[in-house]
Amino acid sequence: MKKGYNSTRSKDINVSASQGILQGLAPDGGLFVPNFINQIQFDPQKLIGKSYGEMANVIFSAFLNDFTEQQISDAIKGAYYSGKFEDQEPVALKKVNDRYFLELFHGPTCAFKDMALTILPYLMVESMKNVNNQKKIMILTATSGDTGKAALEGFADVANISIIVFYPKDGVSTIQEKQMLTQTGANTCVVGVDGNFDDTQNGVKIILNDSHMAAKLAASNVIFSSANSINIGRLLPQVVYYFYSYYDLLKRGEIQPDEQINFVVPTGNFGNILAGYYAARLGLPINKLICASNANKVLTDFFETGQYNRNRDFYKTSSPSMDILISSNLERLLYDLSDCDSDSVKTLMEQLKNDGTYQVSKTLMEKTQLFYAGTADETETSQAIKSVFDQSSYLMDPHTAVANKVYDDYRKETGDSTKTVIVSTASPYKFARSVYESIFGACDANDYALLSLLAEKTGTTVPLPLKDLDKKDNHHQSQCDKTDMSKAVLDFLNHQEHAND
Ligand SMILES: *Cc1c(COP(=O)(O)O)cnc(C)c1O
């Protein structure tokens, strides 16, 4: 088989890395997966002491089969070493008592989505060159809060690409909304939808499959693409920090060569933890990947029973980026564990679409031993934030707190004392109200005042991107009904055409 990316639902679809990045989703609805993972071999000796950028270079070079070295190193430099991140290295690994927190939130929007969405625009621009695409791209995104801002920030002012983000008008936090509305860049558009996140995501899917829309775009020489977490251009950058944190621990003498470690990952769409799984497949010594869910514990139930069932109540929680009942990237794990049996994956995904549920075989479940799954409810999440702060003066956001609580349960249940990294996905300031009130009790200050209050009371500092957010001007004000989203896209298209005249 030709070295490239196949669809999880059909081996007949085989594309280059660039084509996969531009298309996002395979034409049969499947997700792109590399068919050459087994051929990749890293020499561990050569990974020791590498910077984040050097590590990214090794990993991207292995996966981006039609990119040049120059394209890869320019993308890494532009994303991670041009002042978008707070510190010299984009991620930080902090030891707190018996565990390590891998902080992935020091980028421009204070959530881990920045790790991939700062580099995706570079990868897309180079992909267009690699496939000799003369068209313009419009990125269409539905967001429950974090992805929207990270994508806007990444694509703002990128030539030949425009981006429109839809968010549920009353479904995101004050800070998340303000972050999006203050976005600058003539190629950006933000629209609040009168509906919930499912309506919004559904609206986007309808537009992507609408042939009338595609024809209208084609007349303007524009094609749609997506920046959501199923794009391989978002998955690959996430593999890097698993390697980087392992070798950082080795360099610091916290672990011995070949010693196994655990990762705990606060999980929603299963993208982040899947990148950890790929790291393990590439030979990184991982003992357990611990999948942490909030009250929407569809994945915990799946790993316990082998049944995936989305027919259940949906809870709005303090960790909203994990309020998800369909974890899209799980499809890639099923594909890999079933030895690339695309027919069976296709059947399971049809069952999910039609019945909202599927059951995988015993044989497949026996191969999920690398995973452990657990859940934290709202009270437990809040208690975790408070107790870690009281004991160690370390502030966790609610998503990270879910992971921390699930790890406590795991240790109690298994007695496993393997060194463990908690993947820390958002700045506590992004969810300041939940964090503040968990520690200090209810507070009637507004959400902006709460940022400074949290800083004062905890002796930490408000991250720059969130500071003075309330003083920034809004640049977007569009709202639409959930049935009018395609009109918003056409208005934006029109506006872009005239802007380019
Ligand atoms: C997106 C997100 C998650 C979930 O990550 P997945 O890759 O969707 O599993 C967890 N925490 C935060 C803060 C996020 O923004």
Side-chain angles (χ1 to χ4, degrees), residues 31 91 101-118 120 141-151 153-154 167 171-173 175-176 179-180 197 201 227-239 241-242 263-279 289-300 302-303 317-333 371 373 375-376 381 385 395-406 422-432 434-435 463 466:
L31 312 192
V91 305
F101 287 87
L102 175 61
E103 297 183 349
L104 302 177
F105 53 76
H106 297 289
T109 76
C110 306
F112 102 97
K113 304 286 191 292
D114 287 329
M115 297 312 302
L117 282 164
T118 49
L120 182 65
T141 303
T143 183
S144 61
D146 288 337
T147 297
K149 176 62 182 179
E153 193 71 36
Y167 70 96
V172 302
S173 78
I175 299 214
Q176 285 175 321
Q179 277 187 298
M180 291 191 273
F197 176 63
Q201 188 158 47
N228 76 24
S229 80
I230 48 161
N231 193 313
I232 49 163
R234 277 192 60 183
L235 188 59
L236 299 180
Q238 298 175 174
V239 176
Y241 46 75
Y242 287 92
F263 286 96
V264 194
V265 190
T267 297
N269 219 6
F270 209 74
N272 198 355
I273 195 166
L274 184 81
Y277 174 75
Y278 279 163
L289 284 169
I290 299 169
C291 175
S293 303
N294 64 24
N296 297 294
K297 60 185 191 64
V298 65
L299 286 165
T300 314
F302 170 72
F303 281 110
T317 73
S318 58
S319 47
S321 302
M322 290 151 61
D323 291 347
I324 284 179
L325 292 181
I326 299 187
S327 298
S328 312
N329 275 296
L330 188 64
E331 181 170 345
R332 287 188 166 111
L333 180 70
F371 292 88
T375 172
T381 305
I385 294 173
L395 272 188
M396 298 183 297
D397 97 286
H399 303 77
T400 310
V402 167
N404 194 71
K405 188 272 173 180
V406 170
I422 313 267
V423 178
S424 187
T425 50
S427 162
Y429 282 90
K430 199 155 189 183
F431 301 93
S434 310
V435 173
L466 299 180

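Because only heavy atoms are used, hydrogens play no part in the values below, and waters and symmetry mates are left out as well, while side chains stay in. Quick caveat, the model's predicted, so the values are computed rather than measured. Numbering of ligands and ligand atoms starts at 1, following listing order.
Residue Thr267 has at least one heavy-atom neighbour below 4.0 Å for each of these atoms of ligand 1: 9 (O). Close approach of ligand 1 to Ala426 (heavy-atom distance below 4.0 Å) involves ligand atoms 13 (C). Proximity to Phe270 (heavy-atom distance under 4.0 Å) selects the following atoms of ligand 1: 6 (P), 8 (O), 9 (O). Counting atoms of ligand 1 from 1 in the listed order, those under 4.0 Å from a heavy atom of Gly271 are 6 (P), 7 (O), 9 (O).
When only non-hydrogen protein atoms are considered, atom 9 (O) of ligand 1 lies nearest to Gly268 N, 2.8 Å. For atom 12 (C) of ligand 1, the closest non-hydrogen atom of the protein is Thr425 OG1, 3.4 Å. Looking only at protein heavy atoms, the nearest one to atom 8 (O) of ligand 1 is Asn269 N, 2.8 Å. The protein non-hydrogen atom at the shortest distance from atom 5 (O) of ligand 1 is Phe112 CE2, 3.6 Å. Among all non-hydrogen protein atoms, the one lying nearest atom 15 (O) of ligand 1 is Lys113 NZ, 2.6 Å. With hydrogens left out, the protein atom closest to atom 7 (O) of ligand 1 is Asn272 N, 2.9 Å, a heavy atom.
When atom types are taken as modelled, the side chain of Lys149 and the backbone of Gln179 share a donor-acceptor pair closer than 3.5 angstrom. Without hydrogens or angle criteria, Arg234 side chain to Ala227 main chain gives a donor-acceptor distance under 3.5 Å. With hydrogens and angles ignored, the 3.5 Å screen pairs no side-chain donor or acceptor of Ser319 with any backbone N or O of Thr317. Without hydrogens or angle criteria, Gln238 side chain to Gly271 main chain gives a donor-acceptor distance under 3.5 Å. In this structure a side-chain-to-backbone donor-acceptor pair under 3.5 Å is missing from Asn296 to Leu325.
Note: Phe303 and Phe371 have parallel aromatic rings, judged against thresholds of 30 and 60 degrees for the angle between ring planes.
Residue contacts with ligand 1 include Pro266, since one of its heavy atoms falls under 4.0 Å from the ligand.
Residue-level proximity to ligand 1 for Asp146 is carried by the side chain, the only part with a heavy atom below 4.0 angstrom. In Lys430, neither the side chain nor the backbone holds a heavy atom less than 4.0 Å from any atom of ligand 1.
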#### Entry: Step-by-step side chain to side chain donor-acceptor pair (under 3.5 Å) determination, Ser327 to Asn269
CA-CA 4 Å; Ser327 298; Asn269 219 6; 5.1 Å; no

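In this structure, the separation between CZ on Phe270 and CG on Asn329 is 8.5 Å, given to the nearest 0.5 Å. Here the OG1 atom belonging to Thr425 is positioned 10.0 Å from the NZ atom belonging to Lys430, to the nearest 0.5 angstrom.
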